[in-house]
A.B. asks: 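Take this structure first; my questions come after.
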Number of protein chains: 2
Amino acid sequence: MASQAEENYLKALFTLASDSGEIGLSDLSEMLQVSTPTANSMVKNLHQQGLVHYEKYKPISLTSKGKKEASLVIRKHRLTEMYLVEKMGFGWEKVHEIAEQVEHIKSPALFERMDELLGHPKIDPHGSPIPDRNGKIEWKSYHKLSECKPGDSIRLVALTHSSDEFLQYLNSKRLSLGLMLQVESVETFDGNMAISYLKNHREILSAKVCEKLLVEKE
Amino acid sequence: MASQAEENYLKALFTLASDSGEIGLSDLSEMLQVSTPTANSMVKNLHQQGLVHYEKYKPISLTSKGKKEASLVIRKHRLTEMYLVEKMGFGWEKVHEIAEQVEHIKSPALFERMDELLGHPKIDPHGSPIPDRNGKIEWKSYHKLSECKPGDSIRLVALTHSSDEFLQYLNSKRLSLGLMLQVESVETFDGNMAISYLKNHREILSAKVCEKLLVEKE
DNA sequence: GTATAAAGTTAGATCAATCTAAACAATGAT
DNA sequence: ATCATTGTTTAGATTGATCTAACTTTATAC
Ligand SMILES: [Mn+2]
Ligand SMILES: [Mn+2]
Ligand SMILES: [Mn+2]
Ligand SMILES: [Mn+2]
């Protein structure tokens with residue numbers, strides 16, 4: 001059974017693989033806030049276990065076994081976040097830290113029960129897909145709000161990143177997933193967008209923010 | 001912050017203190033399934049932290065600081081068990097193993113929320129008291145079923161031990177906490193007791209079982 | 001009271017996960 | 001092609017939690 005540390009490395013590798021191209025040791029060590037030698041020795045360990053492809057000085061990647069293991073940890077993480085929000089009333093900005101710990105609990109029954117009680121949710125509170133029991137992920141191709149044009153009416157469905165601060169910021173603007181947004185105008189100079197939503201809300205969102213908001217055309 | 005291992009030692013020491021007299025290293029090492037030298041070095045470590053009283057070759061005991069810490073871990077354990085049973089539908093025989101892990105999660109908010117959602121329960125699914133936020137425990141003085149006499153009508157309120165097997169056994173006899181029991185007869189030779197309950201259930205319980213069932217006179 | 005048994009301690013090793021310092025390899029800029 | 005920068009690896013140490021083997025102290029039994 002993978003240790004807590006091993007599970008965190010697998011998860012980090014999976015995430016890095018999905019949002020960048022080649023993974024270097026330094027990416028991994030930075031993401032996990034450990035030194036490169038630490039990451040290096042853990043990668044060797046995971047290699048021994050057949051979970052990562054590794055050759056000296058080459059980029060790192062997960063084997064299919066590794067991908068599956070990683071997906072299952074991510075499944076536990078996201079089910080937990082969803083459970084904390086839906087069943088325990090936590091705000092979406094509070095749940096990541098807790099899930100980071102709960103994801104390591106060894107009890108298939110616990111996560112199966114969360115899944116059932118939640119009605120087999122497909123996404124977590126930040127709009128990220130929840131892998132199924134076999135580690136399969138249904139990738140949706142969403143658009144960034146920043147790519148929308150004036151007049152577009154779209155639904156906010158997910159976030160590309162969900163730091164505490166970003167979530168707090170969205171809270172302060174009353175922005176939440178599922179919301180319909182109207183793009184009023186786009187400033188070509190800096191990419192600022194004016195959007196309106198919820199009857200009488202109107203906000204100017206920076207390009208930096210719009211890049212992180214994923215939307216779906218109805 | 002106490003590590004997972006440290007928390008387990010504190011909890012073991014607390015439990016040993018409440019159900020035996022003097023605590024020897026061997027009791028501790030046996031309870032935690034580690035070697036005596038391992039327990040010995042951990043006890044020294046906890047002593048350094050002011051959590052246990054320790055002098056070479058003398059019995060071990062928790063300091064008041066240690067007792068409080070231990071109680072708070074037990075609080076987390078029992079709240080978790082209660083939450084799993086009441087809110088997630090687990091059987092009382094399934095929850096100990098999960099709680100053994102969840103009790104180490106560092107998130108006061110998680111346990112506060114469990115407590116609220118449960119309506120600040122005073123006892124866990126096995127009838128053991130849940131310490132309050134300050135680690136205070138309300139000790140109830142229950143009677144053992146084995147001390148009851150024919151004709152007694154009492155309520156089953158707690159268990160002195162709750163191993164998986166014992167809980168399964170109780171399940172098979174449809175015995176659960178809160179139930180009213182009538183003592184029909186007691187066999188003086190071996191202490192076997194005939195009890196009736198739930199309209200039409202009638203069972204002979206061994207002395208071994210009756211010792212582990214705690215009851216309250218209405 | 002001494003011998004034996006039980007319980008506790010010390011010493012020394014291991015293993016996972018981490019670190020720093022130093023050496024080495026690949027890249028890419030002149 | 002050379003060299004500097006960047007990224008990777010090795011070496012060696014540390015810390016927490018564990019172990020076994022050997023030794024010491026305390027308790028128990030004749
Ligand atoms: Mn998360
Ligand atoms: Mn984690
Ligand atoms: Mn328990
Ligand atoms: Mn535990």
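Every value quoted in this text rests on a predicted model; they were computed, and no experiment measured them. Keep in mind that the numbers below use all heavy atoms, side chains included, and drop hydrogens, waters and symmetry copies.
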A.B. asks: Is the closest side-chain donor-acceptor distance between B:Gln4 and B:Asn8 under 3.5 Å?
C.D. replies: no
A.B. asks: Grab the CD-P distance between B:Glu7 and D:dG16 for me, whole Å please.
C.D. replies: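 B:Glu7 atom CD is separated from D:dG16 atom P by 16 Å.
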A.B. asks: Taking atom P of D:dG16 as reference, at what distance in whole Å does atom CG of B:Leu46 sit?
C.D. replies: 12 Å
A.B. asks: Think A:Lys58 has a side-chain N or O under 4.0 angstrom from the OP1 or OP2 of C:dA26?
C.D. replies: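 Indeed not, no polar side-chain atom of A:Lys58 lies that close.
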A.B. asks: Answer yes when B:Lys122 and B:Asp132 have at least one side-chain N-carboxylate O distance shorter than 4.0 Å, and no when they do not.
C.D. replies: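 Salt bridge: no.
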A.B. asks: Closest to the A:Pro37 side chain: D:dT8, C:dC19, C:dT9?
C.D. replies: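 The answer is C:dC19, which lies nearest to the side chain.
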A.B. asks: Roughly, in whole Å, what's the span from OH in A:Tyr9 to C1' in C:dA16?
C.D. replies: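 Result: 11 Å.
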A.B. asks: Under 4.0 Å from OP1 or OP2 of C:dG8: is there any side-chain N or O of B:Ser26 that close?
C.D. replies: yes
A.B. asks: Does a side-chain N or O of B:Thr38 approach OP1 or OP2 of D:dC19 to a distance below 4.0 Å, or not?
C.D. replies: yes
A.B. asks: Test: salt bridge (charged side-chain N to carboxylate O under 4.0 Å, His left out). Region: residues 100-111 of chain A. Which pairs qualify, not counting sequence neighbours?
C.D. replies: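 Residue pairs passing salt bridge (charged side-chain N to carboxylate O under 4.0 Å, His left out), neighbours aside: A:Glu7-A:Lys106, A:Lys11-A:Glu100, A:Lys11-A:Glu103.
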A.B. asks: Report the distance from atom CE of A:Met1 to atom P of C:dA16, rounded to the nearest whole Å.
C.D. replies: 16 Å
A.B. asks: Does B:Ser41 make a side-chain N or O approach to OP1 or OP2 of D:dG16 shorter than 4.0 Å?
C.D. replies: no
A.B. asks: On DNA chain D, does the nearest nucleotide to B:Met42 precede the nearest nucleotide to B:Thr36 from the 5' side, or the other way round? Give the residue.
C.D. replies: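 Nearest-nucleotide comparison on DNA chain D picks B:Met42.
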A.B. asks: Could you tell me how far apart A:Leu10 (CG) and C:dA17 (P) are, to the nearest whole angstrom?
C.D. replies: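 Distance, rounded to whole Å: 11 Å.
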A.B. asks: A:Tyr57 side chain N/O closer than 4.0 Å to the phosphate oxygens (OP1, OP2) of D:dT6?
C.D. replies: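 No.
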A.B. asks: I want to check one thing: is the phosphate of D:dT10, taken as OP1 and OP2, less than 4.0 Å away from some side-chain N or O of A:Lys56?
C.D. replies: yes
A.B. asks: If you draw the axis of the six-membered ring of A:Phe166, does the NZ or CZ of A:Lys212 fall within 45° of it and under 6.0 Å from the ring centre?
C.D. replies: yes
A.B. asks: Tell me every residue that passes ring-ring contact (aromatic ring centres under 6.0 Å, His included) with A:His96, counting only those two or more places apart in sequence or in another chain.
C.D. replies: A:His77
A.B. asks: Taking the nucleotide of DNA chain C with the closest heavy atom to each, which residue, A:Val34 or B:Asp27, is nearer the 5' end?
C.D. replies: B:Asp27
A.B. asks: Take the protein atom CD of B:Gln48 and the nucleotide atom P of D:dG16, then report the distance between them rounded to whole Å.
C.D. replies: 12 Å
A.B. asks: Taking only the side-chain nitrogens and oxygens of A:Ser35, find out if one of them lies under 4.0 Å from OP1 or OP2 of C:dC19.
C.D. replies: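 Looking at the OP1 and OP2 atoms of C:dC19, one of them is under 4.0 Å from a side-chain N or O of A:Ser35.
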A.B. asks: Would you please confirm or rule out a distance under 4.0 Å between OP1 or OP2 of C:dG8 and any side-chain N or O of B:Asn40?
C.D. replies: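 For C:dG8, OP1/OP2 do not have a side-chain N/O of B:Asn40 under 4.0 Å.
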A.B. asks: Between B:Leu25 (CG) and C:dA7 (C1'), how many Å, whole number?
C.D. replies: 8 Å
A.B. asks: Can you tell me the distance, in whole Å, between the CD atom of A:Gln4 and the P atom of D:dG16?
C.D. replies: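 In whole Å, D:dG16 P and A:Gln4 CD are 17 Å from each other.
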